[in-house]
There are 2 protein chains.
Amino acid sequence: MSKQNQRDLREHNRSLIMETLLLKQPLSRTDLARETRLSKVTVSEIVSGLLESRNIHEIGTGHSRGGRRPVLLAQLPQVGVAIAINLAPDETTSLSTWLDGSPIDREHQWPAVVDPASAIDQVEAIYRGELEALARCRDAALPPIVGLAIAIHGNVRGDDILFTPYYSLAGLPLAPQLRQRLAVPVWIGNEANFTALGELASGAARDNFVAISVHSGIGAGIVRDNDLDVGRQGFAGEVGHTIAVPGGLSCPCGNAGCIEQYASERAIVTRWREVSGDAGADLGSLIRASQANDSRARGVLSQFIRYMGILVNNLSRFVDPDSIVINSRLTAALPQLIEEIKAEQRCRLGEAAPLVPSLLGDPAILYGGIAMVLRRHYDVRRLHFAAFRPPDTRC
Amino acid sequence: MSKQNQRDLREHNRSLIMETLLLKQPLSRTDLARETRLSKVTVSEIVSGLLESRNIHEIGTGHSRGGRRPVLLAQLPQVGVAIAINLAPDETTSLSTWLDGSPIDREHQWPAVVDPASAIDQVEAIYRGELEALARCRDAALPPIVGLAIAIHGNVRGDDILFTPYYSLAGLPLAPQLRQRLAVPVWIGNEANFTALGELASGAARDNFVAISVHSGIGAGIVRDNDLDVGRQGFAGEVGHTIAVPGGLSCPCGNAGCIEQYASERAIVTRWREVSGDAGADLGSLIRASQANDSRARGVLSQFIRYMGILVNNLSRFVDPDSIVINSRLTAALPQLIEEIKAEQRCRLGEAAPLVPSLLGDPAILYGGIAMVLRRHYDVRRLHFAAFRPPDTRC
DNA sequence: ATACTTTGTTAATCCGATAAACTAAGTTAG
DNA sequence: CTAACTTAGTTTATCGGATTAACAAAGTAT
């Protein structure tokens with residue numbers, strides 16, 4: 001039902017050109033015609049529109065390839081701001097970027113939002129606080145806000161918050177209310193799904209992949225054809241609640257043997273405390289002990305490896321992705337874990353999917369929110385974050 | 001890259017009209033304009049083309065709705081033949097239908113194709129044998145063959161046979177060779193994926209669903225947006241090789257604890273033989289014993305229920321489909337098993353996906369092959385099989 | 001018989017993509 | 001240094017496809 005008249009056709013080709021430019025800028029009009037297989041005339045027309053709407057600009061001329069020099073086109077990033085808010089169970093973080101994904105200021109922390117009665121007010125206050133922080137760090141006026149993305153630690157489908165294990169936001173009309181109050185496009189989504197968008201935009205993976213996020217629970221974002229697949233009820237990728245041990249440890253979800261009872265940070269730390277006899281032990285001490293070749297720590301990690309191996313195997317069998325991205329503090333600190341998880345893949349049905357570490361690490365959720373905003377703003381699927389500006393150059 | 005010029009637009013709208021007509025025939029031109037949201041003129045133009053190419057015909061006039069009576073349009077089924085061949089490990093079956101999916105003759109049996117050296121010749125012989133059988137049962141000449149689909153019990157991606165556990169067809173250029181020899185469109189695909197297409201065309205499920213097939217192994221076809229998702233290497237849906245028991249029974253695939261070691265027909269019959277002490281016991285005797293309330297049989301079935309419950313749970317968490325179709329001889333004979341598998345769903349993350357039995361049963365693979373041919377022939381995604389002609393009216 | 005409805009076609013128009021010709025601005029070879 | 005060639009981008013003419021509006025065809029209702 002989507003593309004059936006000429007206006008849709010034009011819209012489609014505009015998206016195509018914008019996406020190509022965002023991915024491979026700078027490009028000339030002729031480059032764009034070659035890449036998109038559109039005629040030069042069509043490209044020139046659409047480019048005129050994009051120039052006029054100040055989405056792109058001409059940045060000068062490139063090197064001649066034996067004739068007239070090409071006029072190079074590039075995105076105009078500082079004409080708008082994208083904002084992402086991560087409603088984590090224990091704190092709220094926020095980040096604002098230009099339209100190329102480069103941060104304007106550092107990441108900000110705020111109190112956790114847990115009370116459903118005041119949740120919408122709180123998020124509104126955080127949004128306004130973020131704007132003030134931006135104003136303080138910039139003397140010039142801010143360009144328009146092109147969108148706000150809010151990461152929910154729970155299940156989301158469209159504007160509906162369906163289930164939130166860590167707080168009680170289910171059923172709250174967060175997105176519609178904020179849209180009205182802030183007069184800004186608002187997108188909400190599951191945290192693991194945002195992470196997957198972040199990995200897509202950072203270049204860790206593309207096309208068809210799964211991004212696994214390990215923290216207190218285990219979630220995943222499934223990307224098919226450069227688009228999120230959230231399933232019928234927004235539960236696609238709830239891989240923490242796949243059963244790995246029949247009749248195993250009971251899980252708050254109601255089932256027994258869910259894999260997140262064996263391989264989540266919480267499960268691993270619990271096990272590490274048992275093994276080490278230190279009730280105050282945490283993920284950091286486990287990592288340090290492992291680096292010091294502590295055999296008890298290695299034992300705990302072998303459990304992590306084993307169950308992550310099962311998860312990766314099962315993911316490969318179910319969805320057979322092009323690659324699997326892992327975002328976890330354990331694999332970030334101990335890169336060899338990735339190889340050990342790979343070594344668990346013994347199924348001879350084809351090669352195992354390439355396993356790659358996240359390029360974004362902890363702030364992946366926020367960058368994923370930014371990606372959510374930008375892909376809607378530009379009406380594209382893939383985009384490419386500009387190199388991250390080092391912290392010292394920020395305000 | 002697909003739809004960017006006007007020709008693509010026309011092609012898209014032609015497909016849209018054909019798909020709508022196949023699903024809801026008979027329809028008038030005005031009905032089609034309303035359903036597709038295209039203008040009456042565009043519909044009339046495209047319909048003229050479809051009439052001229054004898055894909056559809058006018059079957060008369062419908063009831064007046066207060067004005068001129070509509071001219072009803074319908075598919076013209078007997079202008080072409082679709083053929084499907086199922087290369088099962090123990091036998092080969094074949095089926096031919098008209099373009100509405102109604103069988104021309106009964107299903108035919110042939111010897112199993114196991115020798116890679118002669119496999120292509122054998123399949124060619126079976127195809128020609130099927131044509132002869134059709135000629136024998138019809139005095140009139142056959143219309144053209146619009147395509148041949150071949151179900152492979154193994155992994156397929158495009159024309160490439162990647163892995164076949166039961167015979168050695170991997171790497172064989174079956175499709176390209178037959179295309180050349182028979183001068184007919186040839187499609188090959190995984191058996192479970194074909195089954196999913198069959199369920200789609202039979203109306204058992206639509207849009208986004210998973211069709212699980214249980215026999216000697218366990219496979220699944222994943223349908224997203226009415227299209228098959230076969231994954232990077234054609235392994236998507238190889239759910240039999242997801243691990244359900246860490247360190248469990250070893251599987252020929254190289255892993256341990258694969259779910260098909262616990263819930264496939266082979267696994268269940270093995271267990272039934274152990275429990276009953278009868279080395280000749282089979283699935284039929286298990287079903288009969290269960291119907292006679294034999295407690296040992298019920299025990300064996302409870303294992304089936306338990307592991308199928310895990311599989312359904314994990315599928316729901318990974319892909320969150322609109323529904324899950326189960327095609328197995330056990331659930332077909334003992335429908336209450338479906339309810340018992342449903343009862344295993346204890347995860348409170350949203351409602352469990354509706355679990356429905358296959359409408360096609362055993363010949364689902366063949367009908368799925370037919371669907372494969374027809375959807376390519378008409379360039380549509382969804383289609384709807386005409387009611388099956390009862391066996392006694394066939395030749 | 002007259003007025004109204006619905007179906008489907010004809011005619012006029014609009015919109016978007018393309019090809020061909022052309023202008024602009026360079027490089028290269030002699 | 002100029003003539004010939006190349007590449008970039010625009011102008012012009014044309015084509016293909018979708019839509020609107022008007023109309024013809026064929027019915028119903030009173």
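Hydrogens, waters and symmetry mates are skipped; everything else that's a heavy atom, side chains included, is used. Reminder, nothing fancy here: chain letters follow the sequence lines and each chain counts from 1.
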- Item | Phosphate OP1/OP2 of D/dT19: any B/T42 side-chain N/O under 4.0 Å | yes

- Enter the distance from A/T42:OG1 to A/R37:CZ here, rounded to the nearest 0.5 Å. 14.5 Å

- Note on the structure: When rounded to the nearest 0.5 Å, the distance separating CG of B/D227 from CG of B/D207 is 11.5 Å

- Message: Distance check, rounded to the nearest 0.5 Å: A/I150 atom CD1 versus A/M372 atom CE?
- Response: 11.0 Å

- Query: Salt bridge between B/R206 and B/D322, side-chain N to carboxylate O under 4.0 Å?
  - Reply: no

- B/N5 side chain N/O closer than 4.0 Å to the phosphate oxygens (OP1, OP2) of C/dG16? no

- In residues 24-32 of chain A, which ones come under 4.0 Å of DNA chain C, going by heavy atoms? none

- Message: Out of the candidates B/L27, B/L22, B/L38, only one should pair with B/I17 under the side chain to side chain contact (heavy atoms under 4.5 Å, CB included) rule; please name it.
- Response: B/L38

- Here the residues of residues 58-73 of chain B within 4.0 Å heavy-atom distance, strictly under, of DNA chain C are B/R65, B/G66, B/G67, B/R68, B/P70, B/V71

- A/L51 CG to D/dG9 C1': how many Å, rounded? 13 Å

- Message: Can you tell me whether the side chain of B/Q6 and the base of D/dG16 have a donor-acceptor pair closer than 3.5 Å?
- Response: yes

- Message: Using whole Å, what does the distance between atom P of nucleotide D/dA18 and atom CZ of A/R10 come to?
- Response: 17 Å

- Note on the structure: Residue pairs passing the salt bridge (charged side-chain N to carboxylate O under 4.0 Å, His left out) test with at least one member in residues 15-33 of chain B, sequence neighbours excluded, are B/K24-B/E35, B/R29-B/E58, B/D31-B/R34, B/D31-B/R65

- B/R14/B/E45 salt bridge by N-O under 4.0 Å criterion: no

- Query: Rounded to the nearest 0.5 Å, what separation is found between the CG atom of A/L200 and the CZ atom of A/F385?
  - Reply: 9.0 Å

- Query: C/dG16 P sits how many Å from B/D8 CG, rounded?
  - Reply: 16 Å

- Task: To the nearest 0.5 angstrom, please state how far the CD atom of A/Q6 sits from the CD atom of B/Q6.
- Result: 5.5 Å

- To the nearest Å, how far apart are B/R37 CZ and D/dT19 P? 11 Å

- Message: Please compare B/E45 and B/K40 by the position of their nearest nucleotide in DNA chain D and report the one closer to 5'.
- Response: B/E45

- Task: Find the distance A/N13:CG to C/dC15:P and express it as a whole number of Å.
- Result: 17 Å

